[in-house]
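Just so we're clear, the structure is a prediction, and the values are computed from it rather than from any experiment. Numbers restart at 1 for each chain; the letters A, B, ... are given by sequence-line order, proteins then strands.
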Number of protein chains: 4
Amino acid sequence: MSGSPRHLGRPRLQEQAIPTKVRILQTATKLFIEQGYKNASMDEVALRTNVTKATVYYYYKTKAELFTAAIVGLMKIIRENSVAILSTDETFENRLHKLVTVFSHATVNVDINNFIKEATPSLNEEQLLIIQHSEEEMHDAVEACFAREMEKGVLPLNNTKFITHIFLSVLNMTKYRDSNGQGFFPTPEQTTTEIIRFFWKGIQPSTND
Amino acid sequence: MSGSPRHLGRPRLQEQAIPTKVRILQTATKLFIEQGYKNASMDEVALRTNVTKATVYYYYKTKAELFTAAIVGLMKIIRENSVAILSTDETFENRLHKLVTVFSHATVNVDINNFIKEATPSLNEEQLLIIQHSEEEMHDAVEACFAREMEKGVLPLNNTKFITHIFLSVLNMTKYRDSNGQGFFPTPEQTTTEIIRFFWKGIQPSTND
Amino acid sequence: MSGSPRHLGRPRLQEQAIPTKVRILQTATKLFIEQGYKNASMDEVALRTNVTKATVYYYYKTKAELFTAAIVGLMKIIRENSVAILSTDETFENRLHKLVTVFSHATVNVDINNFIKEATPSLNEEQLLIIQHSEEEMHDAVEACFAREMEKGVLPLNNTKFITHIFLSVLNMTKYRDSNGQGFFPTPEQTTTEIIRFFWKGIQPSTND
Amino acid sequence: MSGSPRHLGRPRLQEQAIPTKVRILQTATKLFIEQGYKNASMDEVALRTNVTKATVYYYYKTKAELFTAAIVGLMKIIRENSVAILSTDETFENRLHKLVTVFSHATVNVDINNFIKEATPSLNEEQLLIIQHSEEEMHDAVEACFAREMEKGVLPLNNTKFITHIFLSVLNMTKYRDSNGQGFFPTPEQTTTEIIRFFWKGIQPSTND
DNA sequence: TATGAATGAGGATTCATTCAT
DNA sequence: GATGAATGAATCCTCATTCAT
């Protein structure tokens, strides 16, 4: 904001190779995830992208619009990653395992529903629809993978939407840390394993209960 | 500003029976849950409590402090309710079922972690600790119930903290509605049943893995 | 805004006797008249009133609302002044003369229609109605005075609304100054006289047309 | 931003026949009249002219300069039209009638003084002079017509500047509409007739007063 | 206990303007 | 002749917070 820090020194190649609009979106996405909608300010988006606020507004007319774009991008990444991983020809359990591992390392792991909820009062009808749409698309893609396994008999027949949601819900648990920074189990790998095991057992049909 | 916003004449008995400080806390709790930390304003807390903003500040020095009190109260309620329900002498499954039912009807059902996260940057060290403490207390209480069942052999031995978290996490799923307002299953009862089934099967030990 | 100039020295009695809300309105009215809606800034309203911007917003929720209040106040003053002058028992011509004289000395003399037009895109439905209403009220009051004279036979029967508008329109001419600061006639009194003469002759019925 | 807002393919002949600089001026003039100086944005001038903002700045260095050009053009049009109409050899009253009719149909009919006033704080010394000059030129031309009639004895001897101003002032009244969209008289023609009659009677010398 | 009045600090948004290409 | 990208400087508005009474 003050004393333009922009032109000092040579910009890192990596940074400048990416178009400004994309860089803004990346920064914003990160900020929104870290801080939520309200806590993240357009000022900081600009600052961290090394542009002025006006530049941010040049590309995104409002904060709500920038947020919408961020969510859509996020959903796309999640969808593509998930589908990519789930479409390999390893055993289904292995694929799930890999997916959980990837997610547990990703920045991406917020309870998306929640910060969408926080932003909701600031979004207009159209933005809400766009976000809902992109969210459903992501869910549908993951759901389709599950559905395929059910058809193949690998997975018991089930309400796919339900188990998709459960899956994405337990996925979030990999991020848990208590006040001492400890997860549920000594190593992340163990946590992942236990989550998968829990999920896997959970979705089995009730045979003898 | 002008023209007293408070009702003229005699206040409703119900309203006045409750001390102002408590009424403020109740309003605030509801507002925070509905709108999150940032979206909820001290102005609206005051307005809805039928007092002035200055009165709110008379009882709670800062918004962060009010929030802290709200969370602590919330945790207490959740803890007491959970323990009460889990301590009856029905079968464990029935008790879980009842618990899920109660939660799915409660306003209380937000992903608490998330709005705590949203408030975090506004809280000071001490407030953070208080909140963490009350959260853990709640968890511990529920955990203790699970642990008891494990000891009795009703529940397989397990990482109690882990399954407590899973339980509270899937609990949230009862609130799910798609864009058409539909839950996962035709009736809420079915959804509850399915969630319990998932959880119940999930915590069984892996016999043949 | 910076380095509060407020508390230095003793506030002038005159200034402090008037409630802040009124002082803000006075400043704003003057500013809007001098500079128009867009050119007048809330910052300057605050500055000139010796309060902070937030104080201005404490009393008036938006700039549009402040503007609306200013117009309404202005109309009231104009109406009251006009009616007061027009209701004395001098000859009608003398009363008109006095009215024109008063107006030509008043700050009040802008083409009101025009700065209302400038503000219009910023006003909401309700504010527009309020303004229209207060404008009509003013016109109606002046109109009523003209109508009374017509009934008394002092003034020829005529479309009162029409002549009221003409009157208010030519009233504005008293303010004319060319690039050298000269009005139409050597002295303001002469200009006033000529305007009245024009108006007076204009409203006479066409005898020989 | 992205996705050319201009029409693809071959531009309409009509559009391209006119040089860009002129098209910009036309758009700007219309916009300034419709919305006033501040409300009209360079962005919209560009948008409506189907060029980019940078193109507008290529032809006009600042908004104030564009405004100045618009006013000068406007004055020229008004002057030429007025003179053309006033120079025919019909009776003077008929010519005035025609003039009023033309003006009442023109978009051009704003109280020019007022939006000049609105723009004033944004204009520099030179621009102010240019505008004043072109305004005076227009007035002088109309004044000259009036003066000629006075010499011919058609019009009573009078302060020509004064009656020119009065004339242009009452001209504006043709545009009046109340909140129901009604003018002063049932038809525009009647209104025009009444305005002329008023003006005509108004400027007669006081013979018997 | 409770409040009306006032404020400081920030945050979103707009817009005329510049400049390298 | 024309443009896309970027910016500086306002400007409106919000909100938690304070303080005298």
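- At E:dA2, one or more side-chain N or O atoms of B:Thr20 fall inside 4.0 Å of OP1 or OP2 (strictly under the cut-off).
- For A:Tyr58, a side-chain nitrogen or oxygen approaches OP1 or OP2 of F:dA5 to under 4.0 Å.
- Counting only heavy atoms from C-beta outward, the side chains of D:Ile71 and D:Glu135 never approach each other to under 4.5 Å.
- D:Glu126 CD: 12 or fewer foreign heavy atoms inside a 6.0 Å radius.
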Using atom names, set out every protein N or O paired with an N or O of nucleotides 9-13 of chain E below 3.5 Å, distance rounded to 0.1 Å.
unit_1 : atom_1 : unit_2  : atom_2 : d
E:dA12 : OP1    : A:Lys63 : NZ     : 2.9
E:dA12 : OP2    : A:Met42 : N      : 2.9
E:dT13 : OP2    : A:Tyr57 : OH     : 2.9
E:dT13 : OP2    : A:Lys63 : N      : 2.9
E:dT13 : O4     : A:Lys53 : NZ     : 3.3

> Using Watson-Crick and G-U wobble pairs with both distances under 3.5 Å, what is the 5'-to-3' dot-bracket string of DNA chain E, with [ ] for crossing pairs and | for pairs outside the strand?
Replying inline: .||||||||||||||||||||
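- When the P atom of E:dA6 is taken as reference, atom OH of C:Tyr60 falls 12 Å away, rounded to whole Å.
- Nucleotide F:dC13 holds its C1' atom 13 Å from the CD atom of C:Glu65, rounded to whole Å.
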>> For A:Ser122 and A:Lys38: C-alpha separation, side-chain torsions, deciding distance, then whether side-chain contact (heavy atoms from CB on, under 4.5 Å) applies.
In response: CA-CA 9 Å; A:Ser122 308; A:Lys38 283 268 171 156; 4.1 Å; yes
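- Using a 4.0 Å heavy-atom criterion, one finds that B:Tyr59 contacts the sugar-phosphate atoms exclusively.
- A straight line from CG of C:Leu31 to C1' of F:dT11 spans 14 Å, rounded to a whole angstrom.
- Distance, D:Phe67 CZ to E:dA16 C1': 16 Å, rounded to whole Å.
- Using a 4.5 Å heavy-atom cutoff, the side chains of D:Leu25 and D:Tyr59 are not in contact.
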> Should A:Phe67 and A:Ile131 be marked as a side-chain contact (heavy atoms from CB on, under 4.5 Å) after you check the CA-CA gap, both sets of side-chain angles, and the distance that decides it?
Replying inline: CA-CA 10 Å; A:Phe67 180 78; A:Ile131 287 179; 4.0 Å; yes
>> Is there a side-chain contact (heavy atoms from CB on, under 4.5 Å) between D:Val45 and D:Thr49? Walk through the geometry before answering.
In response: CA-CA 6 Å; D:Val45 170; D:Thr49 316; 4.1 Å; yes
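- Under the 4.5 Å side-chain criterion, counting only non-hydrogen atoms from C-beta, C:Leu74 is in contact with C:Ile33.
- Taking the centre and axis of the six-membered ring of A:Tyr60, the NZ or CZ atom of A:Lys21 falls inside the cone set by 45° and 6.0 Å.
- Using a 4.0 Å cut-off, no side-chain N or O of C:Thr55 falls inside it from OP1 or OP2 of E:dA6.
- At a threshold of 4.5 Å between non-hydrogen side-chain atoms, the residues B:Lys63 and B:Phe32 count as touching.
- Between the P atom of E:dG8 and the CG atom of C:Leu47 lies a distance of 13 Å, rounded to the nearest Å.
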